[in-house]
Amino acid sequence: QFRSDSAPVTVDYISKCVRDGLYDGTQFYRSDFVIQCGLHGSSKVNPHGDLPVNETHSNTVVSNTRGTAAIAHWDVPDCGNTEFFINLKANAHL
């Protein structure tokens with residue numbers, strides 16, 4: 001279940017990507033602490049562009065506990081795109 005009360009911009013962004021079928025045929029890949037999915041390495045083009053804001057920098061606090069999902073942000077705070085991950089364990093460092 002998406003938490004639009006905690007991250008409305010992010011929920012809207014991912015919902016649009018899902019509705020538009022951007023994740024159809026993509027595969028999840030796994031590390032030891034998350035599973036991740038997105039268009040990275042895909043030939044698909046995201047018509048929505050990058051996520052306009054990283055809501056975790058907007059005083060929105062959602063913990064990365066086991067089973068929660070979040071946008072993957074590289075080392076640049078407002079760089080989110082179609083890459084998202086699901087936490088396999090508590091990941092406070094994310």
Side-chain angles (χ1 to χ4, degrees):
Q1 179 177 353
F2 284 136
R3 293 278 315 272
S4 58
D5 61 317
S6 296
V9 175
T10 302
V11 168
D12 184 57
Y13 179 85
I14 291 295
S15 296
K16 285 178 185 175
C17 291
V18 170
R19 276 194 307 271
D20 291 349
L22 292 180
Y23 297 111
D24 293 355
T26 60
Q27 295 183 6
F28 281 89
Y29 48 98
R30 181 181 175 175
S31 72
D32 59 337
F33 59 97
V34 298
I35 55 174
Q36 190 164 328
C37 184
L39 299 184
H40 183 72
S42 167
S43 61
K44 291 184 179 182
V45 175
N46 178 5
H48 306 293
D50 286 345
L51 189 65
V53 64
N54 179 349
E55 291 176 293
T56 59
H57 291 295
S58 303
N59 298 320
T60 302
V61 179
V62 178
S63 62
N64 281 309
T65 57
R66 185 177 190 276
T68 59
I71 291 288
H73 294 280
W74 313 107
D75 292 331
V76 180
D78 291 329
C79 69
N81 54 35
T82 60
E83 293 291 313
F84 70 95
F85 61 89
I86 300 169
N87 291 288
L88 297 177
K89 63 181 188 176
N91 290 306
H93 67 286
L94 299 175

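All figures in this text were calculated on a predicted structure; none of them were measured in a lab.
For the atom pair Ile71 CD1 and Tyr13 OH, the distance stands at 6.5 Å (nearest 0.5 Å). Put simply, SG on Cys17 and NE2 on His48 are 5.0 Å apart, with the number rounded to the nearest 0.5 Å. Glu83 CD to Thr26 OG1: the interatomic distance, rounded to the nearest 0.5 Å, is 9.0 Å.
Applying the ring pair (Phe, Tyr, Trp, His ring centres under 6.0 Å) test to Tyr23 and every residue at least two apart in sequence or in another chain returns Phe84. Residues passing the side-chain hydrogen bond (donor to acceptor under 3.5 Å, both in side chains) test with His40: none are found, sequence neighbours excluded. Under the salt bridge (charged side-chain N to carboxylate O under 4.0 Å, His left out) criterion, Lys16 pairs with Asp12, sequence neighbours left out. When the side-chain contact (heavy atoms from CB on, under 4.5 Å) test is applied to Ser43, no partner is found at least two apart in sequence or on another chain. Residues that satisfy the side-chain contact (heavy atoms from CB on, under 4.5 Å) test with Phe2, not counting sequence neighbours, are Val11, Ile14, Ser15. Remark: Tyr29 engages no residue in a ring pair (Phe, Tyr, Trp, His ring centres under 6.0 Å) (not counting sequence neighbours). Qualifying side-chain hydrogen bond (donor to acceptor under 3.5 Å, both in side chains) partners for Asn87, counting only residues two or more places apart in sequence or in other chains: Asn64, Thr68, Asn91. Taking the side-chain contact (heavy atoms from CB on, under 4.5 Å) definition, one finds that Arg30 meets it with Ile35, Leu88, sequence neighbours left out.
Chaining together hydrophobic side chains whose heavy atoms lie under 4.5 Å apart places Leu39 alongside Leu22.
When all heavy atoms are compared, the tightest approach of Ala72 to Gln36 is CB-NE2, 3.7 Å.
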